[in-house]
Each structure stands twice: as C-alpha cells, then as structure tokens.
Asks: 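Have a look at this one before I ask anything.
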Amino acid sequence: MRSQAVKGTYDVLPDATPTWRYLRSTIERTLGRAGVREIVPPIFEHSEIFDKSVGESADLVVQKEMYRFEDRGGRSLTLRPEFTAGVLRAYVEHGMHTLPSPVKLWSLGPAFRAENVQRGRYRQFHQVNCEILGSPGPLVDAEAIALLHDLLVALGLPDLRVALGSVGDPEDRDAYNAYLREALEPRKHELSETSQERLRLNPMRVLDSKNEQDQAIVAELDAPLDRLGDAARAHLDGVAQYLSDWGIAFDLAPSIVRGLDYYRRTAFEIHAEGIGAQSALAGGGRYDGLVESLGGPPTPGIGWAMGVERVLDALEGAGKLPGPDAGPNVFLVPMDETAIDEAARLARDLRSDLHVQHAYVKRNPGKGLRDADRAGARYAALRGERERAAGVWTLKHLASGEQREVPESELRTAVLED
RNA sequence: GUGGGUGUAGCUCAGGGGUUAGAGCACCGGAUUGUGGUUCCGGGGGCCGUGGGUUCAAAUCCCAUCACCCACCCCA
C-alpha cells in the first residue's frame, strides 16, 4: 500500500480549489460572452479517434506517450492526450454541423500523456480547449486568438507574447518540405540525430530543433512564411490585419511548425515570461480536414488549447492568485453539553441562507472564540446555561470585539446586519 | 531515454560514523474554571524514502531501488 499519488499526478488541495473556481468562472464569463458554449466530452475514447487525429501521421513518440488500454470487452481505449479529437467526434456524432455556423465550443478538464515530468508538465494535466468550427475565413482565426488573449488578460496575466505564423496549405507544405530536403540533404551530417530523422519523416520539424548548430543551419534557409502560396499568404495577412485592428499585439513567427499533418494555414502560440523552460501557455491552429477524417462532412475549423498548470504557475508568479474563501457568517460555540445539540440544530436552520459552522464539543469561551477566529468567522455566538435561561445567544463581532445578547429568533437578522 | 540535485516531524529545514535525532511554523494543553487574535510555559508527534552492504557502532559511508525537483530530449 503506497499512499502516494502516481508520478506526474497531483492533488488539488482545498487551499488551491478557489484558484480553480476562479479559472472556471473567468472562462465562463470571457468565452460565454462571445457565444462559446461549454462541451464536456468523456476523458477516454476509442483509440481510433486519436489514431485518426494525432497518431498515424505523427512521430512515434506521440504514439508512445498515449495512455492506452484494453477494456473487458477487448476494445482499445485511450485516455485523451488532447481535447480536439473528442470534441470533433462529438460534433460529428451529434450532427452539430447543422447548427448555425460557426459552432464555438470550449472545455476544461484533464488530459493524459505518459511523458517525463518537470516544472509545468504532468502526466495528468489540464487544459482549457476552444474550437471554432464551420468557417474557413481569417475572421474566426483572429477571433480564436483574440478570445485566448482576452482570457489570459482577464485571468490577470501581463507580458503576453502572441506569436502568429502559418504552416501553409498542404501543397505549400509539400513544396516547402521538398525545398528543405533539397537544401539540407547535402549538409545532413551536420545536423543532430533527431533532426536527421525528422528530415526523413517530416522535414519541417527540423525547424523545431533547439540544437544550436541545427538552428544555425536552419537560419540560413527560407522560413515557411517566405514560401507560402498566395492563398495562405492572403489568409495570414487577413488574420494579422484583424489583430492589428483590434489592438492585439503580436509577432510574426516565421518558423512556427506543427508535428501533425492535419494542421494548415494559421498556427499560433502565446508565451509568458518567467515560468521556467515551459514558457508556452497556449497554442493552436487551423485544422481544415480533420472533421472529415473523423467521418463528418468537410468542415473547416480552428482551435487552441491552454495549459492550465502553466497558466496557474504564471498567475502565481504575477501574484494574481485569488485569496482564500470567505469564512462563516457566524460560528456557534456550545459551552455545555446541552448547547452542543442546540448549536447543531440552529446551524442547520441558519444554513438555509448563511454560512454557519459550530464546535462539536463543549468549549469554554476562550477556546470557542479561538475556534471561531481560526475558522475566519465574522461573528461568534456563544450558548451556555445563562443564555439558555434567557433564550438568547451571546453574539460577538470578532473584528470589533463588540458583543450583545440576541434572542435566538433574531440571530439571523443580527448576523446579516454587518 | 539522459544529466544534475534532493529525500529527516503535518510543513520548511538543521544534523555528514559514537548517548535518548533537533529547530521554526503548525497542532494540543496550561497561564485565563464565561471571552479570541499577542505573549509566556508545557506537551504529543519520527521504520531519518525503501532494500541490501561496510563497521564494534549507520540518519550519517557504499551499492541498488523508488519518489520528488530542475534541465535536456520531446511536446498533439
């Protein structure tokens, strides 16, 4: 029996849950006001769903990092490593393409990847996810980015850096990959091992290398943005124009690439300063064609995912975490055995509209007031033989120290006065 | 998968072969038998991560293992 959480998982303790409620309520407000509706897909799906979306075309490591298991019926199931596939499966399954377009959906919840842990990276981690489906134009791309930006701002994060790029249309990618192969093949042996492997499988991803020498070599080449086709270029310009019009600062990122084939055109990330090696708070992109590959009608879409742990990390660094929950309106202190039951009964009654706690054992006034103080109560109400005889509770306002005797029937009103 | 660091009380950490393992915070009690926060006094709490080894003797040294942290790698 190991009473220890599984590696890469962690408990959100009561002191931290207010932060998560703050996150959720900010999402509900910010995205809800833009007509984005919440969707809650299951946390596991038939494995094919993820194979279709992320697995088949992607690096082996992506496959390896999925939590996959067989259920008793012999079905292969996979814990979601990201939200998009499940959300789109639900979109297809429930015929949501018949809803007024675009369909805008958000989710918040856990996702799972069997990777090594470090600051801001867990095996059960959490994402805020947002998808906008049904519109091919740059306007929804800009809206998606703006929503993400506005959400982070609403949460209280300063110093955001929006990086906007494009992976082009499929034919642009083919052309660019061919260009990379041609340009890099002669110098192949100067590249790192990983990059050589990528050159073979998916040349664009060489640009992702953090190896210094790789970077030096890559720096001499044209970036994907330099070689976009006219359509993709116009699309990118459109997105950039909207962002400029809306006053959202961004940098053009010539070399943002994606490991997965289904991405096309818009790709973006948002970074924050000062949270260690994992500075990307969120990222997303356009994935026209993915819905179709999941068995739905051809449907353009764009989406993003925000890493909750990293955002909370950044919020903490910025001193923007919400304070603890408010304490009780009143804390009842029984000062003899009879008063214990009286306190419990009164608490139940007052709880119809007040936050009420009480001691479960007989307390003298000193201990009882200390209990009330530690619970963060506004008032303490004491009950002993004397109070019982008079049908009252001794009500003390803890901050001021003022106290008076209040008939039990008037306690609710008295507590609400301040 | 790789490298480095750290595992001692609920928490943060001291102690680096030799009595009965310590501090601060937290918790409980008392000073105060019907009045909190401050203060003072006292108390309960420990397989010193786990397993093996060296030694007369191991929290301390060695090996292994597990966990956590940081970074690399990777990142849908």
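Remember, predicted model here, so these are calculated numbers, not experimental data. Chain A is the first sequence line, chain B the second, and so forth, proteins listed ahead of strands; every chain is numbered from 1. Because only heavy atoms are used, hydrogens play no part in the values below, and waters and symmetry mates are left out as well, while side chains stay in.
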Asks: The side chain of Glu65(A) lies closest to which of these nucleotides: rC27(B), rC74(B), rC70(B)?
Replies: rC74(B)
Asks: Need one value for Arg363(A): base, sugar-phosphate or nothing, where a base atom within 4.0 Å counts as base even if backbone is also close, heavy atoms only.
Replies: sugar-phosphate
Asks: Quick check on rG16(B): syn or anti? Syn means the glycosidic torsion is within 90 degrees of zero.
Replies: syn
Asks: Checking Asp169(A) against His235(A) for the side-chain hydrogen bond (donor to acceptor under 3.5 Å, both in side chains) test, could you report, in this order, the C-alpha distance in whole Å, the side-chain angles of both residues, the deciding distance, and whether it holds?
Replies: CA-CA 10 Å; Asp169(A) 284 307; His235(A) 189 94; over 6 Å; no
Asks: Is there a side-chain contact between Arg370(A) and the phosphate of rC27(B), meaning an N or O under 4.0 Å from OP1 or OP2?
Replies: no
Asks: Over all strands shown, is Asp373(A) touching base, sugar-phosphate only, or nothing at heavy-atom distances under 4.0 angstrom?
Replies: base
Asks: How many whole angstroms separate atom CZ of Arg310(A) from atom C1' of rA76(B)?
Replies: 12 Å
Asks: With a non-hydrogen cut-off below 4.0 angstrom, is Gly283(A) in contact with a base, only sugar-phosphate, or nothing?
Replies: nothing
Asks: Between Gly8(A) and Glu115(A), which has a closest nucleotide on RNA chain B that is more 5'?
Replies: Gly8(A)
Asks: Could you give me the CA-CA distance, side-chain angles and deciding distance for Tyr91(A) and Glu131(A), then say whether side-chain hydrogen bond (donor to acceptor under 3.5 Å, both in side chains) is met?
Replies: CA-CA 11 Å; Tyr91(A) 176 90; Glu131(A) 313 289 351; over 6 Å; no
Asks: Within the structure, does a side-chain N or O atom of Arg121(A) lie under 4.0 Å from either OP1 or OP2 of rC68(B)?
Replies: no
Asks: Can you figure out which of rA76(B), rG34(B), rA71(B) approaches the side chain of Thr394(A) most closely?
Replies: rG34(B)
Asks: Please determine whether a side-chain nitrogen or oxygen atom of Lys367(A) lies at a distance below 4.0 Å from atom OP1 or OP2 of rG34(B).
Replies: no
Asks: So, under a plain 3.5 Å distance rule, would you say the side chain of Asn116(A) forms a donor-acceptor pair with the base of rG1(B)?
Replies: yes
Asks: With rounding to the nearest 0.5 Å, note down the distance linking CZ in Arg412(A) to CG in Leu416(A).
Replies: 8.0 Å
Asks: Mind running side-chain hydrogen bond (donor to acceptor under 3.5 Å, both in side chains) on Glu309(A) and Tyr10(A) for me, showing each step along the way?
Replies: CA-CA 11 Å; Glu309(A) 283 77 9; Tyr10(A) 64 97; 2.5 Å; yes
Asks: What verdict does the side-chain hydrogen bond (donor to acceptor under 3.5 Å, both in side chains) test give for Trp393(A) and Glu405(A), after you've listed the backbone C-alpha separation in whole Å, the side-chain angles of each residue and the deciding distance to 0.1 Å?
Replies: CA-CA 6 Å; Trp393(A) 290 71; Glu405(A) 294 190 342; over 6 Å; no
Asks: Rounded off to whole Å, could you give me the CG-to-C1' distance for the Asp15(A) and rC25(B) pair?
Replies: 15 Å
Asks: Heavy atoms from C-beta onward define the side chain here; which of rG34(B), rU35(B), rA76(B) lies closest to that of Met66(A)?
Replies: rA76(B)
Asks: With nearest nucleotide decided by heavy atoms, which residue, Phe112(A) or Gly384(A), maps closer to the 5′ end of RNA chain B?
Replies: Gly384(A)
Asks: Just compare rC74(B), rC27(B), rG34(B) and give me whichever is closest to any side-chain atom of Arg386(A).
Replies: rG34(B)
Asks: Under a 3.5 Å cut-off on both pairing distances, which runs of 3 or more consecutive Watson-Crick or G-U pairs involve RNA chain B?
Replies: B:1-7 with B:66-72, B:10-13 with B:22-25, B:27-31 with B:39-43, B:49-53 with B:61-65
Asks: Ignoring hydrogens and angles, are the base of rG34(B) and the side chain of Glu387(A) linked by a donor-acceptor pair under 3.5 Å?
Replies: yes
Asks: Report which part of the nucleic acid Gln127(A) touches: base, sugar-phosphate, or nothing (heavy-atom distance under 4.0 Å, all strands).
Replies: nothing
Asks: Out of curiosity, Met306(A) CE to Leu281(A) CG, how far, rounded to the nearest 0.5 Å?
Replies: 8.0 Å
Asks: Any cation-pi pair here, Arg227(A) with Tyr179(A), using under 6.0 Å and within 45°?
Replies: yes
Asks: Indicate whether OP1 or OP2 belonging to rA71(B) is found under 4.0 Å from a side-chain N or O atom of Gln118(A).
Replies: yes
Asks: Answer yes or no for Arg121(A) and Phe125(A): cation-pi contact, defined as NZ/CZ to six-membered ring centre under 6.0 Å and angle to ring axis within 45°.
Replies: no
Asks: Answer yes or no: does a side-chain N or O of Arg80(A) lie under 4.0 Å from OP1 or OP2 of rA76(B)?
Replies: no
